[in-house]
Number of protein chains: 2
Amino acid sequence: MSISSRFAVGIHILTLLEVNKDEVNSSEFIAASVNTNPVVIRKIMGMLKKAGLVKVRPGVAGAELADKLDEITLLDVYKAVDAVPENELFSVHGSPNPQCSVGRNIQSAVLPIFAGAQSAMEKALAHVTIQDIVRSITEQENKN
Amino acid sequence: MSISSRFAVGIHILTLLEVNKDEVNSSEFIAASVNTNPVVIRKIMGMLKKAGLVKVRPGVAGAELADKLDEITLLDVYKAVDAVPENELFSVHGSPNPQCSVGRNIQSAVLPIFAGAQSAMEKALAHVTIQDIVRSITEQENKN
DNA sequence: TTACATGTAATATAATAAGTTACAGGTGGG
DNA sequence: CCCACCTGTAACTTATTATATTACATGTAA
């Protein structure tokens, strides 16, 4: 399968908080932009909050970014929303036969390679910030 | 979620075909090493065959590698078994609100970045061959 | 205190992967 | 030539998970 859409939604939320920073961003408003249920937004917002990326308070409408735009990388978001559960992008078959030389060593042979590949992907995400996304979106807008 | 274990199993199969090349590698034998059902092996084997990585014939027991060890990269296997369905590692929420400037541009902002991150991961896989895996496994064996 | 927000538990609903059964079709030794 | 045994594949079960939804507890401020 693929990486949870929570990641894309998390990026959407943070971008929206910036673009729409002069208004009150309630979970219902955000949900309308993402096109999903407000509870989904609140759950993701809770994860972003726990990671220190947004400021939200119980009972009071609206959320805002906790950091500067260019200090929030997509990797931060990715980790915040637990985009890859248990931090393992690749799954490995659980119990290969220990009586076979391949079976008893395949995991230790393959795990470091998988970790390296995952790491390469995550490094790419670390090079992009929410500011880049905001810029990309405003540029698109200005074309029309 | 994570990338299908078909990928790890595919690597396991190809490695086993090499390590065990002097014997007959029936789907049942391979399944015993992987610890799964023979039908699962035959299905994956079918994908590897279609990609030109293994030679198998209907009715006749045993399979063998179609290419040299060092000419089969993990990226080849990854693609062969369709490890990432529809070639999209990251999922994006489907229908954001077109009446919102963020909603109508988030996809085009995010897709190239996701593609780049996925590509970085796949490039890492392209640098490793089945030979590397075989070597890693025999080295592990010799330690004991 | 009331209207309305967030936080969160509990529960559908849906999609998907892996395992399994069953059987069609191919192959070659006896 | 036929029989034992393999691969190929369709159909189905089972388990797991993501997302959406309902319901409600809790917090806030006018």
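Given the structure is predicted, the values throughout are model-derived calculations rather than measurements. No hydrogens, no waters, no symmetry mates; every other heavy atom, side chains included, goes into these values. We name chains A, B, ... by the order of the sequence lines, and we start the count at 1 in each one.
- Here D:dA15 presents its P atom at 22 Å from NE2 of A:His93, a figure rounded to the nearest Å.
- Residue-level contact check: B:Pro85 touches the backbone only, with heavy atoms under 4.0 Å from sugar-phosphate atoms and none from bases.
- In this structure, B:Phe90 and A:Phe7 have tilted ring planes: the angle between them lies in the 30° to 60° band.
- With contacts defined as side-chain heavy-atom distances shorter than 4.5 Å, the pair A:Leu17/A:Glu64 does not qualify.
- Under 3.5 Å, the side chains of A:Asn20 and A:Asn25 contain a donor-acceptor pair of N or O atoms.
- For the side-chain contact (heavy atoms from CB on, under 4.5 Å) with A:Ile130, the lone residue among A:Asp76, A:Thr15, A:Leu53, A:Thr73 that qualifies is A:Thr15.
- A:Lys50 comes within 4.0 angstrom of no nucleic acid atom, judged by non-hydrogen atoms across all strands.
- For B:Ser26, no side-chain nitrogen or oxygen approaches OP1 or OP2 of D:dC6 to under 4.0 Å.
- Of the N and O atoms on the side chains of B:His12 and B:Ser33, at least one donor lies less than 3.5 Å from an acceptor on the other residue.
- If you measure from atom CG of A:Asn35 to atom C1' of D:dT21, you get 14 Å, rounded to the nearest angstrom.
- Rounded to whole Å, atom P of C:dA17 lies 9 Å from atom CG of B:Asp82.
- Protein atom CD1 of B:Ile41 is 15 Å distant from nucleotide atom P of D:dC6, rounded to whole Å.
- Separating the CE atom of B:Met45 from the C1' atom of D:dG8 is a distance of 12 Å, rounded to the nearest angstrom.
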Every protein N/O lying under 3.5 Å from an N/O of nucleotides 23-30 of chain D:
residue : atom : partner : partner atom : Å
D:dG27  : N2   : A:Gly59 : O            : 3.2

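- Between the side chains of B:Asn35 and A:Ser95, at least one donor-acceptor pair of N or O atoms lies under 3.5 Å.
- Taking atom CG of residue A:Asn37 and atom P of nucleotide C:dA14, one finds them 15 Å apart after rounding to whole Å.
- Considering only residues two or more places apart in sequence or on other chains, B:Lys55 meets the side-chain hydrogen bond (donor to acceptor under 3.5 Å, both in side chains) condition with none of them.
- Using a 4.0 Å cutoff on non-hydrogen atoms, the parts of residues 2-9 of chain B near DNA chain C are B:Ser4, B:Ser5, B:Arg6, ordered by number.
- Taking the side chain as every heavy atom from C-beta outward, B:Glu71 and B:Thr129 never approach each other to under 4.5 Å.
- Side-chain contact of B:Ser108 with B:Asn105: a donor-acceptor pair under 3.5 Å is absent, judged by distance alone.
- Within the 4.0 Å cut-off from OP1 or OP2 of D:dA10, not a single side-chain nitrogen or oxygen of B:Lys43 is found.
- Between B:Ile44 atom CD1 and C:dT20 atom C1' there is a gap of 15 Å when expressed in whole angstrom units.
- The interatomic distance linking A:Glu28 (CD) with D:dT21 (C1') rounds to 14 Å, in whole Å.
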